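Note sheet for the following structure.
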There are 2 protein chains.
Amino acid sequence: MVTTRTTRADVVAAAGRMFADKGYHGTSMRDIGRAVGLLGSSLYAHIDSKEDLLVEVVDEGARLFLESARRAREAGGDSRSRLRSLIVGHIDVVLDHLDVVRTYLNEARMLDPTHRARVVAARDSYESIFRDVLGQGVAEGAFRDDLDPKVASIMVLSVLNTVERWYHPDGYLGRDELVAEIWRFVGDGLS
Amino acid sequence: MVTTRTTRADVVAAAGRMFADKGYHGTSMRDIGRAVGLLGSSLYAHIDSKEDLLVEVVDEGARLFLESARRAREAGGDSRSRLRSLIVGHIDVVLDHLDVVRTYLNEARMLDPTHRARVVAARDSYESIFRDVLGQGVAEGAFRDDLDPKVASIMVLSVLNTVERWYHPDGYLGRDELVAEIWRFVGDGLS
DNA sequence: CCTACCGATCGGTAGG
DNA sequence: CCTACCGATCGGTAGG
């Protein structure tokens, strides 16, 4: 087994894992150092500050979601199938980048106001893609005509963003089944 | 204006507010002291440790939700109306005890394993009340007959628990409208 | 990337 | 409830 040099990306990945688990303020630089086999002080050869690490992880989360949504929007099809692409893409991001997503969803509020504002803007932009597809769906008659796209997008994203809190990849529910369950609930509710 | 003695309840309430805002590890004893007009060290006249404060706030959250659910379960009516009571009760707890709820939902994982296990058990117990009502609803034909009560309870609670993250009491959506929107979405989804 | 260290802040205590 | 303080740990730096 060869031991490779620690890269900046290794440090950011370890930070994401630890921020997701113990929170930004619950993680020390020495914790992150230990995770990559370095002293806490040695991390400063790769980064300038602890907050830099949070900024980097959170920005990656924002980027992953936005790129996924832009791909889904461009995918074409009617509004129902574009919504399905949005949901599939969202779940893929959550399951393929769980640590980044958990840090993005739960720790972004620990950022200083300037960086936090950028994240809020990215989130709004992401939500607006859902809202637009839902609005188009109402116009096309694909969804109830009394649907409020603003409220509905929040409800759909509530279901999607909470997956991080309960879904276990090794549980009885596979990824496709997860998407199917969400699609059914979002489409029909309990009825 | 009379200045009253600080009580233990004042300290716990201030802790809940600060834990909700800045997280457990992002809040220092000196922060909490400042919020009640005391020094950090003076708080130890009221409590034994910082973690005691988290335990107390989180336990209160668990208690509020469980008591609400037990009342709803006892309320009678068919399964549809019992589910509605569960939802109304949940939203009342969230909106009337926002700081406690946010700490309960987001900071309980910072507890030591023993206390955390108790919270997980309380949460399971709360979720099982939703699951039971949904299962009864399927049996009564009030909901789709292919509904999985386990998955459905998670989806409903995802919507309910995320209210803390987006709802503003002074916004355009009143409490009754919020409940109506959730009820409609949970009942019918987008269709 | 480590050694050696910095000032600041942390949770908490003794004594009044 | 404050004064005075404790050892531990924090994020971070200088120098190699």
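Here is how names work: the chains are called A, B, and so on, in the same order as the sequence lines, proteins then strands, and each is numbered from 1. The figures here come from the full heavy-atom set of this structure, side chains too, leaving out hydrogens, waters and symmetry mates. Remember, predicted model here, so these are calculated numbers, not experimental data.
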Nucleotide N/O of nucleotides 2-5 of chain D paired with protein N/O under 3.5 Å:
residue: dC2(D); atom: OP2; partner: Leu39(B); partner atom: N; Å: 3.3
residue: dC2(D); atom: OP2; partner: Ser42(B); partner atom: OG; Å: 2.5

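Here salt bridge (Lys or Arg N to Asp or Glu O under 4.0 Å) pairs that include residues 66-82 of chain B, with residues two or more places apart or in two chains, are Arg63(B)-Glu67(B). Under the salt bridge (Lys or Arg N to Asp or Glu O under 4.0 Å) criterion, the residue pairs touching residues 27-45 of chain B are Lys22(B)-Asp31(B), Asp31(B)-Arg34(B), with sequence neighbours excluded. Sorted pairs that involve residues 35-45 of chain A and meet salt bridge (Lys or Arg N to Asp or Glu O under 4.0 Å), not counting sequence neighbours, are lacking altogether. Listed by first then second residue, pairs satisfying salt bridge (Lys or Arg N to Asp or Glu O under 4.0 Å) with a partner in residues 177-188 of chain B read Asp146(A)-Arg184(B), Arg184(B)-Asp188(B), not counting sequence neighbours.
Ser191(A) pairs by the side chain to side chain donor-acceptor pair (under 3.5 Å) definition with nothing, not counting sequence neighbours. Qualifying ring-ring contact (aromatic ring centres under 6.0 Å, His included) partners for Phe19(B), counting only residues two or more places apart in sequence or in other chains: Tyr24(B). Applying the salt bridge (charged side-chain N to carboxylate O under 4.0 Å, His left out) rule to Asp99(A) yields no partners; only residues at least two apart in sequence or on another chain are considered.
Distance Ile32(B) CD1 to dG11(C) P: 8 Å, rounded to the nearest Å. Asp48(B) places its CG atom 8 Å from the P atom of dT13(C), with the value rounded to the nearest Å.
In this structure, Asp21(B) does not pair ionically with Arg109(A), as no charged nitrogen and carboxylate oxygen lie closer than 4.0 Å.
Remark: Leu54(A) CG to Met110(A) CE distance equals 9.0 Å, nearest 0.5 Å. Atoms CG and NE2, from Leu157(B) and His90(B) in turn, are 6.0 Å apart once rounded to the nearest 0.5 Å.
When base pairs are accepted only as Watson-Crick or G-U wobble with both N-N or N-O distances under 3.5 Å, DNA chain D takes part in stems of 3 or more pairs at C:1-16 with D:1-16.
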Validation: residues 147-156 of chain A side-chain donor-acceptor distances under 3.5 Å, sequence neighbours left out:
residue: Asp148(A); atom: OD1; partner: Lys150(A); partner atom: N; Å: 3.0
residue: Lys150(A); atom: NZ; partner: Glu127(A); partner atom: OE2; Å: 3.3
residue: Ser153(A); atom: OG; partner: Pro149(A); partner atom: O; Å: 3.2
residue: Ser153(A); atom: OG; partner: Lys150(A); partner atom: O; Å: 2.8

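No side-chain heavy atom of Asn161(A) sits under 4.5 Å from any side-chain heavy atom of Tyr104(A).
If you check residues 50-58 of chain A against DNA chain D, the residues with a heavy atom closer than 4.0 Å are Lys50(A), listed by number. Sorted by residue number, the members of residues 7-29 of chain A with any non-hydrogen atom under 4.0 Å from DNA chain D read Thr27(A), Ser28(A), Met29(A).
Contact annotation: Tyr44(A) does not reach the phosphate of dT13(D) (side-chain N/O to OP1 or OP2, under 4.0 Å).
Phe65(A) has its ring centre no less than 6.0 Å from the ring centre of His97(A).
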